[in-house]
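The residues of the chain are indexed from 1 along the displayed sequence. We count ligands from 1, going down the list as the structure has it; atoms in each ligand are counted the same way.
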Amino acid sequence: MKMKSRIDWLQILLQCQKNVNTQIRSYLKTENQLQPDLGRGAGGDQMKPVDLAAEKAIVDVLLQHIVSFTLISEESGVKEFGDDPTKFYVTVDPIDGTTNFVHGIPFYASSIALSTRPSLSAVFAGLVSDLFHDKTYFALEGKGAHCDGERIRPSSSKSLDKAVVGLDLNSFKVEEYSFELTHLIQKINHIRHFGANALELCYVADGTTDAFIDIREKLRTTDIAAAFLIVKEAGGTITTPSGSPLEAKLDPKQTISFIASGNTQVHQNILSLVKA
Ligand SMILES: [Mg+2]
């Protein structure tokens, strides 16, 4: 049994988040200006200087507290630290929504998940920080999900008519899967996509939206590792598009499709329409 419970993960992750906030501030000045691409990160997206600054901010704080861990990052890939790197796995998307950040759209986050194995089901602590609004979502396995210390719960609304549903349709393969969503889209009056999937999952967790759907098989597990636990601990439902439990390797190259909903009734509603 690893000694994960003796460590105050919330305090460590909050320090990480504070450091990210401090370190990315100077990059906000270059908002709306062309920022150099630094080549592709481990997850395949173009890296911006702000992505690496945020990653460094997280690693610097972690090294002050836990000497040994394996970093699984969208930017740097998999990196081992210390003598016993398999003790903890830290899965990060330093900035989720970098495009929003560089365009000055106020919706981007930092995501950090801790696990004892490199798999989604082993995540025991997760933090997603809404960096623009300075709101922090945090979940600890078995202890519920919180936003700025307040317990959060998802929507209990069962009907789709009034539901606000997030839908990520960004893909060059949109023709291949959009027909699977036709029946669902016909039933929803309020479709949204804000551009930072970790944060959009937190919106499901706290009932801001009713569901979030991404069936592109394009989202990386590094993006949702923390938010996955936050949705579950809040009391929401998150499964594969066919309704199976969600499980995947935590790796910047591993992609995943999922449907997250506020409650099981609305979830079944959505599943039946996606399969239709
Ligand atoms: Mg990112």
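- Considering the Mg ion (ligand 1) as centre, the angle to O of Ile95 and to OD1 of Asp93 is 90° (10° rounding).
- Asp168 and Arg216 are joined by a salt bridge, as a carboxylate oxygen and a charged side-chain nitrogen come within less than 4.0 angstrom of each other.
- Not a single N, O or S atom of Asp96, from either the backbone or the side chain, sits less than 2.8 Å from the Mg ion (ligand 1).
- Around atom NZ of Lys158, more than 12 heavy atoms belonging to other residues, nucleotides or ligands sit under 6.0 Å away.
- For the pair Arg220 and Glu74, the salt-bridge criterion is met [side-chain N within less than 4.0 Å of a carboxylate O].
- The atom of Glu74 nearest to the Mg ion (ligand 1) is OE2, with the search restricted to N, O or S atoms.
- By the neighbour-count criterion of 12 heavy atoms within 6.0 Å, atom CG of Asn189 is densely surrounded, having more than that number from other residues, nucleotides or ligands.
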